[in-house]
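Proteins come first, then strands; the chains are lettered A, B, ... in the order of their sequence lines, and each starts at number 1.
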Protein chains: 2
Amino acid sequence: MRNKKNKGADISRILLAHGDGGKLTHQLINNLFKKKFNNKILNELGDSAVIQLPLCKNSKLAFTTDSYVVNPLFFPGGDIGKLAICGTINDLAVTGAIPLYISCGFIIEEGLEYEILEKITESMAKIAKQENVKIVTGDVKVVEKNSADKLFINTSGIGIIKQNIKISNKKIVAGDKVIISGAIGEHGLAILNARGGFDFKSNVKSDCASLCSLIKKMLAVSKNIKFMRDPTRGGLATTLNEIVDVQSFGILVNEESVPIKKEIRAMCEILGFDPLYMANEGKVVAVVSKKDADVILKAMKRHPLGRSSQIIGEIINTPKRKVIVKTKIGGTRIIEMPASSQLPRIC
Amino acid sequence: MRNKKNKGADISRILLAHGDGGKLTHQLINNLFKKKFNNKILNELGDSAVIQLPLCKNSKLAFTTDSYVVNPLFFPGGDIGKLAICGTINDLAVTGAIPLYISCGFIIEEGLEYEILEKITESMAKIAKQENVKIVTGDVKVVEKNSADKLFINTSGIGIIKQNIKISNKKIVAGDKVIISGAIGEHGLAILNARGGFDFKSNVKSDCASLCSLIKKMLAVSKNIKFMRDPTRGGLATTLNEIVDVQSFGILVNEESVPIKKEIRAMCEILGFDPLYMANEGKVVAVVSKKDADVILKAMKRHPLGRSSQIIGEIINTPKRKVIVKTKIGGTRIIEMPASSQLPRIC
């Protein structure tokens, strides 16, 4: 009984940590939304809901939503608009879908400079055009000064999953390889840096990008991609924990093979952050069969967004539901779902 | 040149009025979003985007989004959760779609009582279940105290439009009838009243409801429904103006036939509001062929949400693009798109 209570039933207020993608977010989803909205499609908790259209038996529809509250609105490598469109495209793409249509809902604080909204709108339009998705419906709300922080954007997206694409984490077995498409931690540190207050100068840029064409290349070379996710809030550590959550396997990560740029590592050390928990906005983590791992890695490395792709670990039978890191000095440590946010409002 | 400038090019800041559904909202949509996101589907500016799925030629997909920032969160007749689900269902239904799947994105102010979120979630689940729609994907963000006002919700929805449903405002001709499904102004006044600050007590409740089953009845009796919209922000006056906007016809409304409850009329008179501009959240306005008007009206009156349905006017050849009201004393007046909001944050 006591354990049950400690698991989240005693929440009386929503905390910042409820929105950071870590434990409390998962608790909130499981203890409230999943229970209240209970249905098969929601319960999959995928990046996109996979829907078998009643009137269209041959293909599946992917449908996703995300609200963006990033602070500041502009940062090296992107802005809230680019982030929103890329994020929604990526949530569709990692499900194996071809992103097609996006909605956008703006919540604007009274007094926001028109120029800012214009710039952000342009940024959204640019990336949407480039990625061949259409923003087909939208909404604008304006609230009083101090009732919102400048601008929030919701984007929802729909895409089509072709009949021959069958990504399912149920196919994951021990020996499967875990691949990441590049160096981690850039988005989180770019946001932190953009907020100022630090003495050092840095050229770190957010990795914010659409993963659609990279993922298309991956799907073209293998039918044995079993899982994909973009490690955003909560970083790589959170995504790996999501993979093993309620599964009968674990993951063994080789710390040395996780790509991290020198500058990111140095900044993290100074600031006391673990790069494994830092947000990314242009990376994909994939679980693939052992036999196809090399051909997928090769395809990824040929893509501009996948040059630094690495096999970072593999699926193991025990311990179950744990992510174990083999450290550089030969020891091991468990990396857990983050208990609270390193940084709020990074997306 | 001067006219052009005055038409909206000189906006330097977003005002509350940009979000009230009136002129400035339309300017913002036309001068910014429509231009930047420019594509055929968006340009229709319907309540739902109507999408011909590339892999599904026989039916159409409806896709809509809305953010809800209503203040207060709870009001007589509903709450932000019920409002969001009903609003999204209604935006799909007025396009002739069967609402199927809904996404929801929560933006929560740090410190919000869990109980409030729970109640609202329950309210969403209840109406979704009742209306047979599934909430299949979602997102939670939490922002710092004073960076949002308690809770904002975005809901996006998708629905299927059956092959035999062909609603198009291009078929509207002079003589067509304009029907409304019941008395106006209740939602706007309920919100106003819930905010307090007035000396009089009132039992006015929001009309917040899903119009899905009412609209189904209407579509079952006629193939000559040419347009439907729920007159929310900006009220009936705004919806009627949207119907005639850039069209080669006008609307003549018979003021006496517009259903308004006595209490609503009295409150509006005291407060100096025009009920034609007050928001509704459970009413539909339809333009239908003259020959089918009576059979549609009859079907509507048989439905609990349509008991007070009325034919309130008709399409006229001249003046074009104007909404003319024939007043009770026999005169006429033009009702225009509202220039600024009567009440911010009513939905």
Side-chain angles (χ1 to χ4, degrees), chain A residues 11-16 18-19 25 28 32-33 36-37 39 41-42 48-49 51 53-56 58-59 63-67 69 101 103-105 107-108 110-114 117-118 121-122 125 134-144 146-149 152 154 156 158 160 344-345, chain B residues 11-16 18-19 25 28 32-33 36-37 39 41-42 48-49 51 53-56 58-59 63-67 69 101 103-105 107-108 110-114 117-118 121-122 125 134-144 146-149 152 154 156 158 160 344-345:
Chain A
I11 301 167
S12 70
R13 285 174 184 273
I14 297 293
L15 310 171
L16 269 181
H18 279 117
T25 305
L28 190 67
L32 181 61
F33 303 123
K36 301 298 182 186
F37 300 148
N39 64 67
I41 296 168
L42 175 66
S48 291
I51 300 161
L53 272 185
L55 302 174
C56 178
N58 297 333
S59 58
F63 177 33
T64 187
T65 194
D66 259 310
S67 297
V69 298
Y101 303 103
S103 71
C104 63
I107 299 177
I108 307 173
E110 173 188 23
L112 181 79
E113 289 87 343
Y114 179 82
L117 187 64
E118 194 176 33
T121 308
E122 276 168 8
K134 289 190 166 105
I135 299 162
V136 290
T137 186
D139 175 52
V140 184
K141 295 288 187 313
V142 182
V143 298
E144 308 90 332
N146 300 322
S147 289
D149 189 7
F152 302 145
N154 175 284
S156 299
I158 55 181
I160 289 293
R345 295 182 63 189
Chain B
I11 302 168
S12 70
R13 285 174 183 272
I14 297 292
L15 309 172
L16 269 180
H18 279 116
T25 304
L28 191 66
L32 181 60
F33 302 122
K36 302 295 181 185
F37 300 149
N39 64 66
I41 296 168
L42 175 67
S48 292
I51 301 162
L53 272 185
L55 303 173
C56 177
N58 297 331
S59 58
F63 178 31
T64 186
T65 195
D66 259 309
S67 297
V69 297
Y101 303 103
S103 70
C104 63
I107 299 177
I108 307 174
E110 173 187 23
L112 180 79
E113 289 88 345
Y114 179 82
L117 187 64
E118 195 176 31
T121 307
E122 275 167 9
K134 289 191 166 103
I135 299 163
V136 290
T137 187
D139 176 52
V140 184
K141 294 289 188 311
V142 181
V143 298
E144 309 90 331
N146 301 321
S147 288
D149 189 6
F152 302 145
N154 175 284
S156 298
I158 56 181
I160 290 291
R345 296 182 61 188

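- The two residues A:F63 and B:V136 make their nearest non-hydrogen contact at CD2-CG2, 3.7 Å.
- Note that OG1 of A:T65 is 6.5 Å distant from CG of B:D139, once rounded to the nearest 0.5 Å.
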Self-check item: B:I158 vs A:I158, side-chain contact (heavy atoms from CB on, under 4.5 Å): CA-CA, chis, key distance, verdict
Solution: CA-CA 9 Å; B:I158 56 181; A:I158 55 181; 4.0 Å; yes
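- Looking at A:V69 and B:I107, their side chains come closer than 4.5 Å, going by heavy atoms from C-beta outward.
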Exercise. Take B:N154 and A:F152, measure what side-chain contact (heavy atoms from CB on, under 4.5 Å) needs, and give me the verdict at the end.
Key: CA-CA 11 Å; B:N154 175 284; A:F152 302 145; over 6 Å; no
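- Contact annotation: the side chain of B:S147 approaches that of A:R345 to within less than 4.5 Å [non-hydrogen atoms, C-beta and beyond].
- A donor-acceptor contact shorter than 3.5 Å links the side chain of A:K141 to the backbone of B:S67.
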